[in-house]
Amino acid sequence: MKQKIASSLDAAIADIPDGARIMFGGFGGAGFPNSLIQALSKKGVKNITAISNNCGTREGELGVMFKNGQVKHVICSFPGPHANYFQERFAKGEVTCELVPQGILCERMRTAAAGLLGFYTTVGVGTEVAIGKEERVLDGRRCILELPIHADYALIKAQRADELGNLTYRLAARNFNPIMAKAAKFTIVEVEEIVPVGAIPPEDVITPAIFVHRIVHAKGMRFAG
Amino acid sequence: MKQKIASSLDAAIADIPDGARIMFGGFGGAGFPNSLIQALSKKGVKNITAISNNCGTREGELGVMFKNGQVKHVICSFPGPHANYFQERFAKGEVTCELVPQGILCERMRTAAAGLLGFYTTVGVGTEVAIGKEERVLDGRRCILELPIHADYALIKAQRADELGNLTYRLAARNFNPIMAKAAKFTIVEVEEIVPVGAIPPEDVITPAIFVHRIVHAKGMRFAG
Amino acid sequence: MTEKARLTREQIAQRAAQELYDGAYVNLGWGIPNLIADYLPRGLTVYFHSENGILGMGRRAKPGEEDFDLVDAMKVPVTLIPGASIFHQADAHLMTRGGHLDIAVLGGFQVSEKGDLANWKIPGSKGSGGIGGAMDIASGSKKLIVCMEHNTKEGAPKIVRSCNYPLTGLECVDTIVTDLAVIDVTPEGLVLRETAPGWTAEEVQARTEAQLIVRSAVPQMKLA
Amino acid sequence: MTEKARLTREQIAQRAAQELYDGAYVNLGWGIPNLIADYLPRGLTVYFHSENGILGMGRRAKPGEEDFDLVDAMKVPVTLIPGASIFHQADAHLMTRGGHLDIAVLGGFQVSEKGDLANWKIPGSKGSGGIGGAMDIASGSKKLIVCMEHNTKEGAPKIVRSCNYPLTGLECVDTIVTDLAVIDVTPEGLVLRETAPGWTAEEVQARTEAQLIVRSAVPQMKLA
């Protein structure tokens with residue numbers, strides 16, 4: 001069996017280089033890989049392209065990465081009301097930002113995961129989101145072409161992994177995590193519990209081990225609203 | 001609460017009209033809505049467009065529908081080695097058939113489910129599947145445009161439903177069923193067990209009740225290979 | 001001139017709640033729509049959807065009861081009702097775009113006479129702005145209701161001939177519930193269905209840029 | 001002229017099994033590929049994928065042990081190994097197309113010198129034909145191996161300059177394992193990696209339409 005379990009948070013992210021494209025799971029304070037983000041921040045990885053629903057809550061979640069100036073570009077749907085470190089850098093032009101409708105963000109990642117090359121949607125037609133995108137009519141409806149979002153890494157949070165990398169999530173902490181696990185070339189998951197292979201019933205697996213490349217144990221971290 | 005439970009198999013399919021477009025779940029002998037198919041056959045609904053991975057096993061599964069001449073067009077990936085009733089009608093020109101690669105069949109249904117209008121894939125490029133389809137180059141790769149497959153009804157099989165329509169499936173009997181439930185306008189499910197609302201833990205639900213419009217209890221039927 | 005009393009935000013939510021029906025699958029957006037759950041008519045079971053992968057949200061969690069892995073799209077700890085289900089964000093938006101939700105209610109900055117919606121960005125505002133799930137929700141719900149004040153704080157109409165705020169979606173709004181009126185977007189144009197108590201159709205029209213269609217007598221809202 | 005002995009179908013499977021490695025995620029197609037699981041080198045754990053939504057298939061079910069809700073893509077009752085998972089058919093093919101499978105092994109009617117594969121339909125055959133999962137699998141696996149006889153029953157070459165059978169996919173094959181040879185598809189062309197025991201490179205080339213690249217001495221297959 002491949003050994004996927006990293007000995008520490010630092011070891012789990014040790015090979016992530018400057019300039020990496022990284023997806024970060026989490027929504028609404030739940031399901032963020034906060035321990036991995038802290039480790040990445042400590043390592044000082046730079047020039048990251050971050051793909052995430054939002055841009056941090058003050059120093060929490062992705063906030064610390066913006067505070068430290070580690071992110072050069074972000075693809076997100078909703079930076080959020082407390083993404084002050086992001087907004088400061090954005091105002092100075094130190095971070096660029098592509099805003100994507102939330103469901104389209106999911107679909108563009110899933111398109112990458114599924115080996116497809118693009119899709120047509122009515123979402124965003126006639127809005128700022130459509131600028132620069134191919135528009136056409138299909139089935140009598142105006143639609144725009146959306147392209148896949150790929151990433152070198154996904155940093156995600158799950159509740160439980162078996163030693164092979166099969167994952168389960170707790171309640172709404174699931175959110176973006178299973179999609180990003182499928183979409184990135186290399187997925188690193190922090191989990192609160194690692195169980196032996198076979199401990200998760202096959203029908204209960206949410207993210208099959210094929211999508212998970214490294215596992216690290218971490219006590220869940222959470223940042224207040 | 002909406003009453004979704006039909007009193008009988010006949011009642012469950014009573015309003016399906018001639019000419020309906022119907023998705024049928026099932027693969028490899030598992031997860032077929034055989035009791036609903038038998039009821040549909042008995043009712044004598046005609047001129048159906050059937051969307052299904054295969055075309056029956058002798059009289060079993062969809063076979064009886066072809067035997068009775070109830071299907072005019074089928075969209076499938078692999079009619080199967082024992083689809084003799086389909087092949088007879090096909091040879092006589094009484095049934096037309098669109099062959100679709102199996103994963104693309106899934107994606108085209110999912111595209112309908114997700115309110116999208118089409119997608120580009122490399123699958124089928126340069127093959128008979130690409131005939132008549134738009135071809136272009138994206139990301140340096142030849143790809144073809146695939147369009148959504150919609151349906152009026154999905155007839156599916158699950159193991160268990162709560163009274164609201166939340167579903168779970170047994171092992172590989174899951175296969176196409178959850179995708180079709182999402183893709184069709186109206187989903188009718190036969191289940192081996194109906195449990196009270198709340199009996200299925202929210203995290204264990206595979207098909208949320210929003211995709212299920214009618215539930216009927218039926219002892220699972222299975223046809224030999 | 002002192003204006004007559006308009007509906008409060010809570011009253012707008014209360015009126016909008018009357019648009020819901022038993023068994024409906026419903027998404028509530030930020031702002032006034034988020035207040036609607038508090039005014040659900042008694043005896044109605046509605047399945048509230050959240051973009052982060054919940055169907056069947058119940059009331060907000062009480063102090064001490066909070067589970068921060070179970071939050072709504074506004075990050076507020078919630079509860080689940082029997083029959084709830086959990087899924088990932090892509091499936092949550094498959095529901096929004098795919099026509100699976102019966103009703104979605106969003107806040108709005110402007111709605112045009114064709115039902116275009118602007119609700120995510122104020123022109124000239126600083127910062128990046130943020131879209132969230134609004135564009136997906138606007139694109140696919142069976143019925144889209146917008147709840148908003150009828151006029152800006154400066155008195156400018158928000159129901160306009162054509163939006164000049166950045167758009168969320170084209171021709172997506174079905175019904176507008178404001179502090180002055182209930183208005184349906186129809187192929188013929190904006191139909192004034194109800195006015196706020198004490199307001200006439202003419203008074204509402206005077207505060208609306210777009211032309212309203214007034215069919216016979218327009219009843220006043222009932223906010224029992 | 002009596003030909004020398006070629007590999008049996010089982011021996012082709014046995015040689016192909018040597019291409020698998022510990023921890024690999026692998027899909028096996030109809031025909032010869034389906035025999036490979038029986039020849040897995042000892043001590044290797046391979047996670048077999050099935051298009052109907054299984055990862056981690058184990059051996060076939062023994063008589064009396066069959067569960068007909070747990071079948072492979074050939075409808076054969078199978079078992080699960082520890083660490084297996086179950087998912088729906090769309091996710092199963094997200095894996096095939098998306099580059100998630102390490103190795104896929106398919107049967108073949110013809111392979112061209114560029115690695116085009118024809119494996120789903122015989123020209124002029126009656127009936128509808130059937131594609132199944134082959135086109136998705138051919139499009140996305142990290143490594144695609146084709147197992148087939150080197151020649152048709154009539155002696156015609158199946159490794160050709162250009163396929164004249166209906167295609168499954170373009171430039172998708174990485175390695176061909178036949179009853180005469182192991183051949184790699186490279187940017188330079190088809191490289192003869194091994195021959196069957198007792199066969200020379202010249203003899204293999206004589207039974208191959210496409211040009212084979214022979215780099216120094218070509219070893220013979222080891223089928224211990």
Side-chain angles (χ1 to χ4, degrees), chain B residues 25-31 53-55 57 74 76-81 83-84 86-87 90-91 95-97 99-107 109-110 113 121-130 142 159 169-180 182 206-207 220 222 224-225, chain D residues 30 50-55 57 66-80 84-98 112 114 116-121 126-140 163 165-172:
Chain B
F27 182 99
N53 182 67
N54 61 29
C55 296
T57 298
V74 63
C76 69
S77 104
F78 192 80
N84 51 300
F86 158 73
Q87 294 293 358
F90 179 78
V95 178
T96 52
C97 174
L99 282 182
V100 181
Q102 193 178 95
I104 299 305
L105 182 60
C106 297
E107 286 299 315
M109 292 191 283
R110 188 185 175 280
T121 178
T122 59
V123 176
V125 167
T127 78
E128 289 184 13
V129 161
R142 290 172 64 187
Q159 182 189 19
Y169 304 86
R170 199 165 165 274
L171 296 167
R174 188 181 303 189
N175 58 63
F176 282 90
N177 289 296
I179 307 156
M180 292 175 169
K182 291 173 179 164
I206 301 298
T207 296
R222 207 184 293 278
Chain D
W30 290 65
S50 186
E51 297 93 297
N52 52 336
I54 310 174
L55 201 59
M57 282 192 300
E66 301 97 336
D67 181 335
F68 290 93
D69 281 340
L70 187 62
V71 293
D72 67 13
M74 293 86 196
K75 214 169 166 170
V76 175
V78 294
T79 57
L80 298 178
S85 54
I86 297 287
F87 34 89
H88 60 52
Q89 207 108 5
D91 272 351
H93 280 295
L94 178 151
M95 293 179 192
T96 65
R97 280 190 318 271
S112 81
K114 286 188 170 174
D116 297 348
L117 171 65
N119 86 341
W120 71 279
K121 193 179 181 181
K126 285 183 187 171
S128 65
I131 298 169
M135 287 190 185
D136 296 274
I137 291 168
S139 79
C163 298
Y165 278 39
L167 286 171
T168 304
L170 296 176
E171 301 183 21
C172 53

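Every value quoted in this text rests on a predicted model; they were computed, and no experiment measured them. In what follows, every chain begins at residue 1, and chains take the letters A, B, ... in the order their sequences are listed. Because only heavy atoms are used, hydrogens play no part in the values below, and waters and symmetry mates are left out as well, while side chains stay in.
Top candidate by heavy-atom pairs under 4.5 Å with chain D, chosen from B:L171, B:V100, B:T122, is B:L171. Residue with the most contacts toward chain B among D:I86, D:D69, D:I137: D:D69 (heavy-atom pairs, distance under 4.5 Å). When B:A30, B:G220, B:C97, B:A91 are compared by the number of non-hydrogen pairs under 4.5 Å with chain D, B:A30 comes out ahead. Residue with the most contacts toward chain D among B:T121, B:L99, B:N53: B:L99 (heavy-atom pairs, distance under 4.5 Å).
Heavy atoms closer than 4.5 Å to chain D are found in both the backbone and the side chain of B:F176. Only the backbone of D:T168 comes within contact range of chain B, judged by heavy atoms closer than 4.5 Å.
Put simply, the side chain of D:W120 does not reach to within 4.5 Å of the side chain of B:V129, judged on heavy atoms. Side-chain contact between D:R97 and B:I104 is present, with at least one heavy-atom pair separated by less than 4.5 Å. B:R170 has its side chain within reach of D:D67: a pair of non-hydrogen atoms, C-beta onward, lies under 4.5 Å apart. Proximity of D:H93 to B:E107: side-chain heavy atoms (C-beta onward) are nowhere separated by under 4.5 Å.
To the nearest 0.5 Å, atoms NE2 (D:H88) and OH (B:Y169) are separated by 9.5 Å. Considering CG of B:N175 and CD of D:E51, their distance stands at 11.5 Å, rounded to 0.5 Å. Within the model, atoms NZ of D:K75 and OG1 of B:T57 stand 3.0 Å from one another, a figure rounded to the nearest 0.5 Å.
Looking only at distances, no side-chain donor or acceptor of B:E128 sits under 3.5 Å from a matching main-chain atom of D:L167. Side-chain atoms of D:D136 come within 3.5 Å of backbone atoms of B:G103 as a donor-acceptor pair (strictly under, hydrogens ignored). B:R222 places a side-chain N or O within donor-acceptor distance of the main-chain N or O of D:F68, the cut-off being under 3.5 Å.
Heavy atoms only, all atoms of each residue included: B:P79 and D:G129 are closest at CD-O, 3.3 Å.
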